[in-house]
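One structure below.
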Amino acid sequence: MPYAIELFLDERADRRVRQMWAALDAAGVMSLGGRPGTDHHPHVTLSVFQEGDPDQVADVLRPVLATTAGLPLQLAGLGFFLTDEAVAFLAVIPSGRLLTLHRQVHEAVAPIAEGIWPYYRPDALLPHCTLATGVTDRATVADVVAGLPIPIPALASAAYLVEVPGGHSRTALTPITGINPR
């Protein structure tokens, strides 16, 4: 089963991304948050892998991610991955601290996980917060997002190991803080 390592956003940023999701849904573009039967939270993904023991992955990642809460994440602009998945996203400015954390996560997970997705490997990551997948009308997405305030200053509130797809099963990888979403 695939898993993602996700940084959840602080309460204010979480709320603003959810407003974008709701506006996209209202405009006829199914957002990540509007997908039936899922439980997604606004997030920035550090890695996705096909197979690995989730308990072992969590154990090796907890020390790496222990000080992640409060990491600044500036959601700066709209972008699209023009792949088969046709993803609309908010690009995250790739700070040195975020890229260092990403590399540390990759180095910790690579020996114990199989099938790390190519877009999440070091020197290939484009940090982002997904708005919608399967986008066929990029103009509508651009119109909706243009009507909402960007950039969105955010802080990482916590890190989770999340089952893909759907986001239902989550394992906390960081201590509980006062920067929790919702």
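Residues take their numbers from the sequence shown, with the count starting at 1.
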One pair to check against side chain to side chain donor-acceptor pair (under 3.5 Å): S157 and D10. What are the steps and the verdict? CA-CA 5 Å; S157 65; D10 67 274; over 6 Å; no
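Across G70 and R97, no two heavy atoms sit closer than the pair O-NH1, 4.4 Å. When all heavy atoms of L161 and P54 are compared, the closest pair comes out as CD2-O, 3.5 Å.
Every side chain to side chain contact (heavy atoms under 4.5 Å, CB included) that P153 has, sequence neighbours left out, goes to R12, R16, Q74. In this structure, the side chain to side chain contact (heavy atoms under 4.5 Å, CB included) partners of R138, at least two apart in sequence or on a different chain, are F80, L82, V135. For H128, the ring-ring contact (aromatic ring centres under 6.0 Å, His included) partners two or more places apart in sequence, or in a different chain, are F81, F89. The salt bridge (Lys or Arg N to Asp or Glu O under 4.0 Å) check on D123 picks up R103, with sequence neighbours excluded. V60 is linked by a side chain to side chain contact (heavy atoms under 4.5 Å, CB included) to A108, I112, counting only residues two or more places apart in sequence or in another chain.
By the criterion of side-chain heavy atoms lying less than 4.5 angstrom apart, applied directly or through intervening Ile, Leu, Val, Met, Phe, Trp or Tyr residues, L7 is grouped together with V64 in one hydrophobic cluster. L148 and L32 fall within the same hydrophobic cluster, defined by Ile, Leu, Val, Met, Phe, Trp and Tyr side-chain heavy atoms under 4.5 Å apart, directly or through other members. V87 and V145 are members of different hydrophobic clusters when ILVMFWY side chains are connected at heavy-atom separations under 4.5 Å.
Counted by atom type alone, H102 and T100 present zero donor-acceptor pairs between their side chains at under 3.5 Å.
Rounded to the nearest 0.5 angstrom, L75 CG and C129 SG are separated by 5.0 Å.
Identified under the salt bridge (charged side-chain N to carboxylate O under 4.0 Å, His left out) test for residues 158-167, with sequence neighbours left out: none.
Counting non-hydrogen atoms of neighbouring residues, nucleotides and ligands closer than 6.0 angstrom, the CG atom of D84 reaches no more than 12 such neighbours.
Under the side chain to side chain contact (heavy atoms under 4.5 Å, CB included) rule, P122 has a single partner from E107, H106, Q104, which is H106.
In this structure, T130 contributes its side chain and A132 its backbone to no donor-acceptor pair below 3.5 Å.
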